[in-house]
Amino acid sequence: MAEIIFSAVVLLFCASPLIILGIVQYRSKEPVGFWAGKEPPRKEEITDVGAYNRKHGLMWILYGLGLIVCYVCGMPFGGLVAAYLCMAEVFGGLLGMAAYHNRLNRMYDSKRGHK
């Protein structure tokens with residue numbers, strides 16, 4: 001039982017900042033970034049800043065919630081299964097998010113002239 005409580009607290013400690021980041025990005029009026037250390041695009045480089053930010057924010061919210069879902073779905077089968085599912089979410093999710101971020105940049109790039 002202590003293992004379950006400890007692992008749930010650690011999971012919530014890790015997933016909460018991701019969800020909070022998503023909410024902040026979802027509500028942001030300025031274009032948001034994805035990569036640490038890289039400046040986000042300027043407003044004039046994005047065709048629809050609101051939609052761009054909402055999609056980035058939703059991406060982070062779903063990533064955090066995905067970790068929680070993997071944990072909850074894996075725990076009935078044991079802590080190791082939950083850990084493997086969470087690791088798959090972390091690595092697969094990051095790859096998917098990077099690809100989606102690049103897609104959003106192409107979709108909302110003002111130089112392309114379309115959304």
Side-chain angles (χ1 to χ4, degrees):
M1 185 65 176
E3 172 190 310
I4 293 171
I5 293 170
F6 180 76
S7 61
V9 168
V10 169
L11 174 78
L12 291 175
F13 184 76
C14 294
S16 296
L18 300 172
I19 295 169
I20 291 168
L21 173 65
I23 292 168
V24 169
Q25 285 193 350
Y26 191 92
R27 295 178 168 183
S28 179
K29 303 294 182 210
E30 296 295 317
V32 298
F34 179 74
W35 300 106
K38 185 176 180 199
E39 290 293 318
R42 295 187 317 271
K43 270 188 173 182
E44 49 279 351
E45 295 175 331
I46 303 294
T47 57
D48 186 346
V49 173
Y52 178 82
N53 288 350
R54 284 189 299 275
K55 288 179 182 179
H56 270 90
L58 190 58
M59 174 179 68
W60 282 104
I61 293 168
L62 291 175
Y63 184 54
L65 291 176
L67 283 172
I68 295 169
V69 168
C70 287
Y71 176 81
V72 169
C73 289
M75 280 312 286
F77 302 102
L80 196 56
V81 172
Y84 286 143
L85 285 174
C86 287
M87 284 189 287
E89 167 68 10
V90 166
F91 296 114
L94 283 176
L95 291 174
M97 287 172 56
Y100 188 60
H101 165 72
N102 290 334
R103 180 173 178 241
L104 290 176
N105 280 348
R106 287 190 306 274
M107 280 175 56
Y108 292 102
D109 184 0
S110 64
K111 291 179 216 127
R112 291 180 180 251
H114 58 78
K115 182 174 156 187

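Counting begins at 1 with the first residue of the sequence.
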Practice task
To the nearest 0.5 angstrom, please state how far the CZ atom of Phe34 sits from the OH atom of Tyr100.
Solution key: 12.0 Å
Problem - For Ala82 against Tyr71, the heavy-atom pair lying closest together - result: CB-O, 3.8 Å
Exercise for the section: May I ask you to decide if Tyr108's main-chain N or O and Asp48's side chain share a donor-acceptor pair within less than 3.5 Å? Expected result: no
Practice task
Calculate, to the nearest 0.5 Å, the distance between atoms CD1 and CG belonging to Ile61 and Leu21 respectively.
Solution key: 9.0 Å
Practice task
With sequence neighbours excluded, tell me which residues meet side chain to side chain donor-acceptor pair (under 3.5 Å) with Ser16.
Solution key: none
Exercise for the section: Any chance you could measure Met59, atom CE, to Leu18, atom CG, to the nearest 0.5 Å? Expected result: 11.0 Å
Handout entry: Minimum-distance pair of heavy atoms, taken over all atoms of Cys86 and Leu67
Key = SG-O, 3.6 Å
Problem - same_hphob_cluster(Ile20, Phe13) at 4.5 Å side-chain heavy-atom cutoff - result: no
Practice task
Starting from the C-alpha separation in whole Å, work towards a yes-or-no answer on side-chain contact (heavy atoms from CB on, under 4.5 Å) for Lys29 and Val49.
Solution key: CA-CA 7 Å; Lys29 303 294 182 210; Val49 173; over 6 Å; no
Exercise for the section: Determine yes or no for a side-chain-to-main-chain donor-acceptor pair under 3.5 angstrom, with His56 supplying the side chain and Tyr52 the backbone. Expected result: yes
Practice task
Check salt bridge (Lys or Arg N to Asp or Glu O under 4.0 Å) between Glu44 and all other residues, then give those that pass, not counting sequence neighbours.
Solution key: Arg42
Handout entry: Ala15 versus Gly64, closest heavy-atom pair with distance
Key = CB-O, 3.7 Å
Practice task
Indicate if Ile46 and Leu104 have the same hydrophobic cluster label, given that clusters are the connected sets of ILVMFWY residues with side-chain heavy-atom separations under 4.5 angstrom.
Solution key: yes
Exercise for the section: Kindly write out the residues that satisfy salt bridge (Lys or Arg N to Asp or Glu O under 4.0 Å) with Arg27, not counting sequence neighbours, or none if the list is empty. Expected result: none
Problem - Contact summary for Trp35 and Ala98, nearest pair of heavy atoms - result: CH2-CB, 3.9 Å
Exercise for the section: Could you tell me which non-hydrogen atom of Pro31 sits nearest to which non-hydrogen atom of Pro41, and how far apart they are? Expected result: CB-O, 3.2 Å
Handout entry: Gap between atom CZ of Arg106 and atom NE2 of His101 - 0.5 Å precision
Key = 10.0 Å
Completion exercise
Rounded to the nearest 0.5 Å, the CG atom of Leu11 sits from the SG atom of Cys70 at a distance of 9.5 Å
Exercise for the section: Please answer whether the main-chain N or O of Val90 pairs with a side-chain N or O of Tyr63 as donor and acceptor at a distance below 3.5 Å. Expected result: yes
Problem - hydrophobic_cluster_shared for Leu12 and Ile23, side chain cutoff 4.5 Å - result: yes
Problem - Those residues that, when tested against Asn102, pass side chain to side chain donor-acceptor pair (under 3.5 Å) (two or more places apart) - result: none
Handout entry: Under 3.5 Å donor-acceptor, Gln25 side chain and Gly33 backbone
Key = yes
Problem - CG on Leu65 to CD1 on Ile19, rounded to 0.5 Å - result: 4.5 Å
Handout entry: N/O donor-acceptor pair under 3.5 Å between Ser28 side chain and Val24 backbone
Key = no
Exercise for the section: Please collect all ring pair (Phe, Tyr, Trp, His ring centres under 6.0 Å) contacts where either partner lies in residues 72-94, sequence neighbours excluded, each pair once. Expected result: none
Exercise for the section: Consider only side-chain heavy atoms of I, L, V, M, F, W and Y, link residues closer than 4.5 Å, and tell whether Ile4 and Ile68 are in one cluster. Expected result: yes
Practice task
Sequence neighbours left out, what passes side-chain contact (heavy atoms from CB on, under 4.5 Å) with Tyr26? Give chain and number order.
Solution key: Arg54
